[in-house]
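Structure, as structure tokens:
Order of listing sets the numbers, starting from 1, for every ligand and every atom in it. Excluded from the calculations below are hydrogen atoms, water molecules and symmetry mates; all remaining heavy atoms, backbone and side chain alike, are included.
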Amino acid sequence: MSDYSMSDSARRAAEAARGFMPPDEGLALFDAAMTAAKLNPQKPFIEIGSYCGRSSIYLGEAARQSDTVLFAVDHHRGSEENQPGWEWHEPDLVDEDTGRMDTLPWFRRAVFHAGLEPWVIAVVGDSPTSGRWLDMDFGFVFIDGGHGVEPAALDYRTWTPKVVPGGILAIHDVFTDPALGGQAPYEQIYLPAVESGRFEPVAVTGSLRTLRRVA
Ligand code: SAH
Ligand code: MG
């Protein structure tokens with residue numbers, strides 16, 4: 001049972017948005033962000049990898065209820081695994097003009113229809129580059145960007161130092177069994193976070209893991 005609850009309209013909007021966040025994991029994400037905001041009021045949230053805005057709605061709703069904001073970082077060109085010929089490609093997301101993936105229009109519509117524009121600030125750009133210049137700390141950091149070894153390792157190095165002490169780090173698509181999914185979020189983000197001694201595991205919901213920054 002959750003301590004917090006989303007508005008019905010936000011929940012419906014999240015489920016109607018395109019994306020890769022199952023409803024139970026989305027609700028766990030919402031809960032984790034609400035908890036983070038209680039622990040560290042006045043700190044913003046950030047997500048890496050928004051795609052068409054589904055997770056952004058779960059987190060934007062938590063930001064709305066907590067009087068903070070969500071920064072939603074994505075270059076909107078898709079991860080390696082979203083490109084033509086790869087497992088997670090959706091052909092209608094290719095922009096005819098550029099010939100490249102473009103999820104930004106979908107993201108904008110999803111956040112608009114959820115009524116969350118005041119609480120969701122899109123950062124349209126490359127994750128490590130954005131992180132180099134966004135000189136802030138965050139009460140809640142959600143990493144769901146590129147799932148190759150190198151992008152995951154870069155996201156670990158870029159974003160985990162920006163979790164405020166006592167804040168929450170959430171990681172999506174963490175699979176300990178290679179038969180169930182790629183290993184990079186587990187090996188390049190989750191394990192190094194725990195082994196660093198800076199983070200302690202809090203909860204597991206499907207492939208979503210949350211940790212608390214303790215040092
Ligand atoms: N959280 C989303 C799914 C994210 S899919 C949901 O709830 O459905 C992964 C996203 O990460 C893609 O949209 C891709 O464009 C983005 N991404 C991958 N590598 C990136 C990088 N280096 N910089 C910015 N965004 C990146
Ligand atoms: Mg994911």
Sub-4.0 Å atoms of ligand 1 with respect to non-hydrogen atoms of Gly19: 8 (O)
Backbone or side-chain N or O of Gly49 under 3.5 Å from ligand 1 N or O: yes
Contact summary for Gly166 and Arg212, nearest pair of heavy atoms: O-CG, 3.9 Å
Pro151 touching ligand 1 at heavy-atom level, < 4.0 angstrom: no
Atom 19 (N) of ligand 1 - nearest protein heavy atom and its distance: Gly146 N, 3.5 Å
Proximal atoms of ligand 1 relative to Gly125 (non-hydrogen, under 4.0 Å): 23 (N), 24 (C)
Angular separation of OD2 (Asp173) and OD1 (Asp144) seen from the Mg ion (ligand 2), to 10°: 90°
Ligand 1 contact by Val73, heavy-atom criterion under 4.0 angstrom: no
From Val124, Asp74, Leu93, Asp144 - option closest to atom 4 (C) of ligand 1 by heavy atom: Asp144
Minimum non-hydrogen distance to atom 25 (N) of ligand 1, winning option of Glu47, His75, His147: His75
Thr103 and its side-chain hydrogen bond (donor to acceptor under 3.5 Å, both in side chains) partner, picked from Arg77, Arg108, His76: His76
Close approach, Ser56 and ligand 1, non-hydrogen under 4.0 angstrom: no
Element-labelled atoms of ligand 1 that are located less than 4.0 Å from some non-hydrogen atom of Ser50: 2 (C)
Atom of Phe107, atom of Ala122 and distance for their closest heavy-atom approach: CE2-CB, 3.7 Å
Nearest-neighbour protein heavy atom for atom 18 (C) of ligand 1, which is reported as residue plus atom name and distance: Ser79 OG, 3.1 Å
Lys43 to Val164 - nearest heavy-atom pair and separation: CE-CG2, 4.1 Å
For atom 22 (N) of ligand 1, the protein heavy atom that lies nearest, with its residue and separation: Asp126 OD1, 2.9 Å
Where Val123 and Ser130 come nearest, the two heavy atoms and their spacing: CG1-OG, 3.8 Å
CZ on Phe175 to CG on Leu180, rounded to 0.5 Å: 6.5 Å
The Mg ion (ligand 2) to nearest N/O/S of His172 less than 2.8 Å: yes
Protein residue, atom and distance nearest to atom 23 (N) of ligand 1, heavy-atom basis: Ser127 N, 2.8 Å
Gly78, any N or O under 3.5 Å of ligand 1 N or O: yes
N-O pairing of Arg18 and Asp92 below 4.0 Å: yes
Arg18 N/O under 3.5 Å from ligand 1 N/O: no
Atom CD of Glu90 with >12 non-hydrogen neighbours under 6.0 angstrom: yes
Phe30 ring center near Tyr58 ring center (under 6.0 Å): no
Winner among Gly148, Ala152, Ser55 once heavy atoms are compared against atom 7 (O) of ligand 1: Ser55
Side chains of Ser127 and Trp159 in contact at under 4.5 Å (non-hydrogen atoms): yes
Nearest heavy-atom neighbours spanning Thr158 and Gly131: CG2-CA, 3.6 Å
Atoms of ligand 1 close to Gly145 [distance to a heavy atom under 4.0 angstrom, numbered from 1]: 9 (C), 11 (O), 18 (C)
Nearest-contact summary for atom 8 (O) of ligand 1 - protein heavy atom, Å: Phe20 N, 2.8 Å
Pair Arg64 + Glu61, salt bridge at N-O below 4.0 Å: yes
Close N or O approach (Asn82, ligand 1; < 3.5 Å): no
Heavy-atom pair of closest approach, residues Leu211 and Ala193: CD2-CB, 4.4 Å
